[in-house]
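Following: one structure in structure tokens, then a few remarks.
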Number of protein chains: 2
Amino acid sequence: MPKPERHVFVCTQQRPPGHPRPSCGANHGSFSLYAALSMELDQRGLFQKVQVTSTGCMGPCHRGPSVLVYPEGVMYAGMQESDLPAFIEEHLVGGKPVASLLMPQEDWG
Amino acid sequence: MPKPERHVFVCTQQRPPGHPRPSCGANHGSFSLYAALSMELDQRGLFQKVQVTSTGCMGPCHRGPSVLVYPEGVMYAGMQESDLPAFIEEHLVGGKPVASLLMPQEDWG
């Protein structure tokens with residue numbers, strides 16, 4: 001397995017119903033997002049360049065799903081499946097983060 | 001939450017007993033390693049500088065537990081709790097990866 005050019009971490013933390021803290025997996029649809037991102041990268045032949053990994057909690061649960069890209073260390077908030085084309089084309093391929101989707105600086109700054 | 005200087009990802013993937021592929025969580029003791037690393041960083045007052053996140057499978061299951069450090073993109077193989085002092089002091093604080101613990105290049109190169 002080659003070291004990827006970019007590594008995308010998608011939070012799929014789950015918490016039980018009624019838990020006072022929301023979670024990306026239980027409340028913000030991150031499992032679907034993770035699956036859709038993986039399929040889209042596969043279809044575009046990008047799986048050797050971009051690795052996708054699910055994670056436990058990364059912190060800003062109220063703004064999930066949390067998606068983090070390294071080596072840049074860029075965190076996204078509330079990414080939806082409809083955001084994936086821009087995310088993939090502009091950031092993962094083009095190298096320029098999608099400014100409108102970034103996690104606010106107070107949560108990752 | 002500040003963006004960390006270093007972000008450590010510890011694979012805690014689990015697979016059922018008898019599964020042909022080993023997993024860091026079920027076969028390589030990564031839950032204990034994750035907990036010990038987190039406690040050690042807390043005791044050293046490093047939690048603002050180093051973030052630790054658990055993950056699903058990162059790939060080289062047969063050499064687990066897999067531990068990945070960004071932004072460097074340095075992957076470790078088979079890290080044990082007894083390796084944590086060197087890992088923390090030399091790499092997470094000192095910035096120099098511990099060469100003897102690195103994932104072989106064929107699995108992350």
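Each chain gets a letter, A, B and so on, in the order its sequence line appears, and its residues count up from 1.
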Would you say B/Ile88 and B/Val50 are hydrophobically clustered, going by side-chain heavy atoms of ILVMFWY under 4.5 Å?
yes

With a 4.5 angstrom heavy-atom cut-off, which part of B/Glu106 approaches chain A: side chain, backbone, both or neither?
backbone

Can you hop from B/Phe9 to A/Met103 via hydrophobic side chains spaced under 4.5 Å?
yes

Are A/Val10 and A/Met39 linked, directly or through other ILVMFWY residues, by side chains that come within less than 4.5 angstrom of each other?
no

Distance from A/His7 atom NE2 to B/His7 atom NE2, nearest 0.5 Å?
11.0 Å

Compare every heavy atom of B/Lys3 with every heavy atom of A/Glu72, then report the nearest pair and how far apart it is.
O-NZ, 3.3 Å

Quick check for you: among B/Gly59, B/Cys11, B/Gly73, which has the greatest number of heavy-atom pairs under 4.5 Å with chain A?
B/Gly73

Using every non-hydrogen atom in the two residues, find where B/Pro71 and A/Tyr70 come nearest and quote the distance to one decimal.
CA-CD2, 4.2 Å

Is it true that A/Val8 and B/Val74 fall in one hydrophobic cluster, defined by side-chain heavy atoms closer than 4.5 Å?
no

Counting only heavy atoms closer than 4.5 Å, note whether B/Cys57 contacts chain A via side chain, backbone, both or neither.
backbone

Tell me whether A/Leu101 shares a hydrophobic cluster with A/Leu41, the cluster being built from Ile, Leu, Val, Met, Phe, Trp, Tyr side chains joined at under 4.5 Å.
yes

Distance, nearest 0.5 Å, that separates CE of A/Met58 from CD of B/Gln51
8.0 Å

